[in-house]
Protein chains: 2
Amino acid sequence: MSNRDDIIKKLKSSGISPTSQRIDIAQILFAKPQHLSAEQILNKVNEESNSKASKATIYNTLGLFAKKGLVKEVIVDPSKVFYDSNVSRHFHFFNTDTGILTDIPDGAINVDHLPESPEGTVSTGLEVIVRIKNS
Amino acid sequence: MSNRDDIIKKLKSSGISPTSQRIDIAQILFAKPQHLSAEQILNKVNEESNSKASKATIYNTLGLFAKKGLVKEVIVDPSKVFYDSNVSRHFHFFNTDTGILTDIPDGAINVDHLPESPEGTVSTGLEVIVRIKNS
DNA sequence: TCACTTTTCTAGACTTTGTCTAACGGTATA
DNA sequence: TATACCGTTAGACAAAGTCTAGAAAAGTGA
Ligand SMILES: [Mn+2]
Ligand SMILES: [Mn+2]
Ligand SMILES: [Zn+2]
Ligand SMILES: [Zn+2]
């Protein structure tokens with residue numbers, strides 16, 4: 001399913017030229033639904049895959065993927081951004097003791113009566129974060 | 001209402017020794033419900049008030065106030081933390097074009113069916129952020 | 001194939017937010 | 001007065017992320 005050719009198709013269908021660095025990064029990200037930091041992705045590319053990519057390319061690529069809607073940035077930790085390979089609507093637990101981000105099971109939370117955006121603005125996304133700590 | 005003596009009472013009743021730096025920072029923060037970054041507070045202390053405070057003291061004090069529940073940290077902008085002087089439960093719009101954080105009017109949004117926290121953890125807070133951009 | 005253009009990648013300098021350390025200052029206490 | 005305690009400070013430091021300028025790849029047309 002997430003083999004090289006499918007990844008290439010996925011990138012092309014989003015209008016992204018499938019360079020080898022982009023393919024490597026995509027293979028790591030899209031292997032499963034997960035939350036990774038830029039540093040984790042950089043390490044994985046340079047350990048798990050045969051090729052390598054620079055820090056600048058990691059950030060450029062993640063920014064490109066986010067702009068094209070292939071990943072979602074999750075901002076919950078003041079020290080780093082998480083990149084979420086699951087772009088369908090869902091919400092998060094963030095454990096401030098461990099720094100681990102996990103998904104809230106679908107249907108376990110309900111948000112409604114969504115507010116209208118202020119004059120001159122439009123909504124681009126809804127985020128719900130339940131902060132937790134070890135008990 | 002937010003004169004010097006009330007501020008001192010407020011700090012004391014939270015178990016905080018009212019030093020002159022802490023009083024200055026509290027006066028700026030608690031003047032009204034608002035969202036300020038550490039840098040904005042540093043600038044205000046050193047411009048608006050007669051005294052001055054160092055960067056280290058600003059961060060120490062904001063950390064102390066947050067621990068005591070006098071301010072709430074809001075993490076929505078990957079580049080800086082906002083300190084919210086309104087600690088009652090409410091949610092936020094974050095405009096990614098302007099970087100401005102505003103409150104969602106009370107009752108304009110409704111969250112229910114809150115999920116149980118995973119085994120071994122307890123919830124410490126709920127955050128709802130509606131990201132918006134200029135239209 | 002060749003000449004040329006455009007896109008992507010890279011090392012490393014740089015910026016910014018936030019943390020840490022070690023010295024210093026003020027106040028209370030004996 | 002001695003000394004202990006707490007808070008403040010300057011500035012070094014750490015870490016995430018951005019930027020720049022050049023090199024490498026890839027595309028284009030003849
Ligand atoms: Mn930060
Ligand atoms: Mn950052
Ligand atoms: Zn997720
Ligand atoms: Zn607020």
Side-chain angles (χ1 to χ4, degrees), chain A residues 7-8 11-12 14-28 35-46 49-68 70-84 94 96 99 101, chain B residues 7-8 11-12 14-28 35-46 49-68 70-84 94 96 99 101:
Chain A
I7 292 285
I8 291 174
L11 294 179
K12 280 185 177 161
S14 293
I16 296 173
S17 312
T19 65
S20 72
Q21 289 85 348
R22 288 168 178 170
I23 294 166
D24 287 343
I25 294 169
Q27 272 189 314
I28 289 164
H35 309 110
L36 296 173
S37 67
E39 202 204 359
Q40 286 178 306
I41 294 164
L42 178 62
N43 291 340
K44 279 178 186 263
V45 168
N46 294 325
S49 83
N50 313 333
S51 37
K52 53 153 298 194
S54 69
K55 188 172 61 154
T57 297
I58 300 292
Y59 280 103
N60 286 344
T61 301
L62 291 171
L64 178 64
F65 285 6
K67 198 179 75 181
K68 298 291 188 177
L70 299 181
V71 296
K72 215 185 68 176
E73 299 181 343
V74 181
I75 296 155
V76 279
D77 183 329
S79 76
K80 60 180 178 292
V81 172
F82 284 103
Y83 293 86
D84 193 338
F94 181 64
T96 48
L101 185 66
Chain B
I7 292 285
I8 291 175
L11 295 180
K12 280 184 177 164
S14 293
I16 297 173
S17 311
T19 65
S20 71
Q21 289 87 348
R22 288 169 178 169
I23 293 166
D24 286 343
I25 294 169
Q27 271 188 316
I28 288 163
H35 310 108
L36 295 174
S37 67
E39 201 204 358
Q40 288 178 305
I41 294 165
L42 178 61
N43 291 339
K44 280 179 186 261
V45 168
N46 294 327
S49 83
N50 313 334
S51 35
K52 55 155 298 196
S54 69
K55 188 173 60 154
T57 296
I58 299 293
Y59 279 104
N60 287 346
T61 301
L62 291 172
L64 178 64
F65 285 7
K67 198 179 75 181
K68 298 292 187 173
L70 298 181
V71 297
K72 215 184 69 177
E73 299 180 343
V74 182
I75 296 155
V76 279
D77 182 329
S79 77
K80 61 179 176 293
V81 172
F82 284 102
Y83 293 86
D84 194 339
F94 181 64
T96 48
L101 185 66

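A quick note: this is a predicted structure, and the numbers were derived from the prediction, not measured.
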Task: With A:A66 via side chain to side chain contact (heavy atoms under 4.5 Å, CB included) - residues at least two apart - done: A:V71, A:E73
TODO: Sugar-phosphate means primed atoms, P, OP1 and OP2; the rest is base. With that split, encode nucleotides 25-30 of chain C 5' to 3' as B, S or - using protein heavy atoms under 4.0 Å.
DONE: ------
Task: Nearest-Å distance for atom pair CD1/P, residues A:I75 and D:dA16 - done: 16 Å
Task: A:R22 side, atom CZ; A:L11 side, atom CG - distance, nearest 0.5 Å - done: 8.5 Å
Protein N or O to nucleotides 8-11 of chain D N or O, pairs below 3.5 Å:
residue	atom	partner	partner atom	Å
D:dT8	OP1	B:T19	OG1	2.5
D:dT8	OP1	B:Q21	OE1	3.0
D:dT8	O3'	B:Q21	NE2	2.9
D:dT9	OP1	B:Q21	NE2	3.4
D:dT9	OP1	B:K52	O	3.3
D:dT9	OP2	B:S54	N	2.9
D:dT9	OP2	B:S54	OG	3.4
D:dT9	OP2	B:T57	OG1	2.9
D:dA10	OP1	B:K52	NZ	3.0

Task: All salt bridge (charged side-chain N to carboxylate O under 4.0 Å, His left out) counterparts of A:K72, not counting sequence neighbours - done: none
TODO: Pick base, sugar-phosphate or nothing for B:S17, based on heavy-atom distances below 4.0 Å to the nucleic acid.
DONE: sugar-phosphate
TODO: Enumerate the residue pairs fulfilling side chain to side chain donor-acceptor pair (under 3.5 Å) with a member in residues 52-66 of chain B, sequence neighbours excluded, ordered by first and then second residue.
DONE: B:S54-B:T57
Open item on the list: Below the 4.0 Å mark, does C:dG18 have OP1 or OP2 next to a side-chain nitrogen or oxygen of B:Y59?
Closed with: yes
Open item on the list: Please report the distance, rounded to the nearest Å, between CG in A:L62 and P in C:dT8.
Closed with: 16 Å
Task: Euclidean distance, atom CG of residue B:L36 to atom C1' of C:dT17 [Å, nearest integer] - done: 16 Å
Task: Rounded distance [0.5 Å steps], CG in A:L42 versus CD in A:Q40 - done: 11.0 Å
TODO: Please list, chain by chain and in numerical order, all residues satisfying side-chain hydrogen bond (donor to acceptor under 3.5 Å, both in side chains) with A:S17, sequence neighbours excluded.
DONE: none
Task: Separation of D:dA15 C1' from A:D77 CG (nearest whole Å) - done: 12 Å
Open item on the list: Rounded to the nearest 0.5 Å, what separates atom CG in A:L36 from atom CD1 in A:I25?
Closed with: 11.5 Å
Task: Pairwise distance OG(B:S37) to CZ(B:F82) - rounded to 0.5 angstrom - done: 6.5 Å
Task: d(CG, A:L11; P, C:dT7) in whole Å - done: 18 Å
Task: Length of the CG-P vector between A:L42 and C:dC9, whole Å - done: 14 Å
- [ ] Could you tell me, to 10°, how much the axis swings from one end of the helix from C:dT1-D:dA30 to C:dA30-D:dT1 to the other, five pairs per end?
- [x] 10°
TODO: Applying side chain to side chain contact (heavy atoms under 4.5 Å, CB included), name anything that partners A:S20, two or more places apart in sequence or on another chain.
DONE: none
- [ ] Identify, with sequence neighbours excluded, every residue that meets side-chain hydrogen bond (donor to acceptor under 3.5 Å, both in side chains) alongside B:N43.
- [x] none
Open item on the list: I need the CD-P distance between B:Q40 and C:dT16, as an integer number of Å.
Closed with: 16 Å
- [ ] For B:I16 and D:dC6, give me the distance from atom CD1 to atom C1', rounded to whole Å.
- [x] 14 Å
Open item on the list: Would you compute the distance between atom CD1 of A:I23 and atom CD1 of A:I28 and round it to the nearest 0.5 angstrom?
Closed with: 12.5 Å
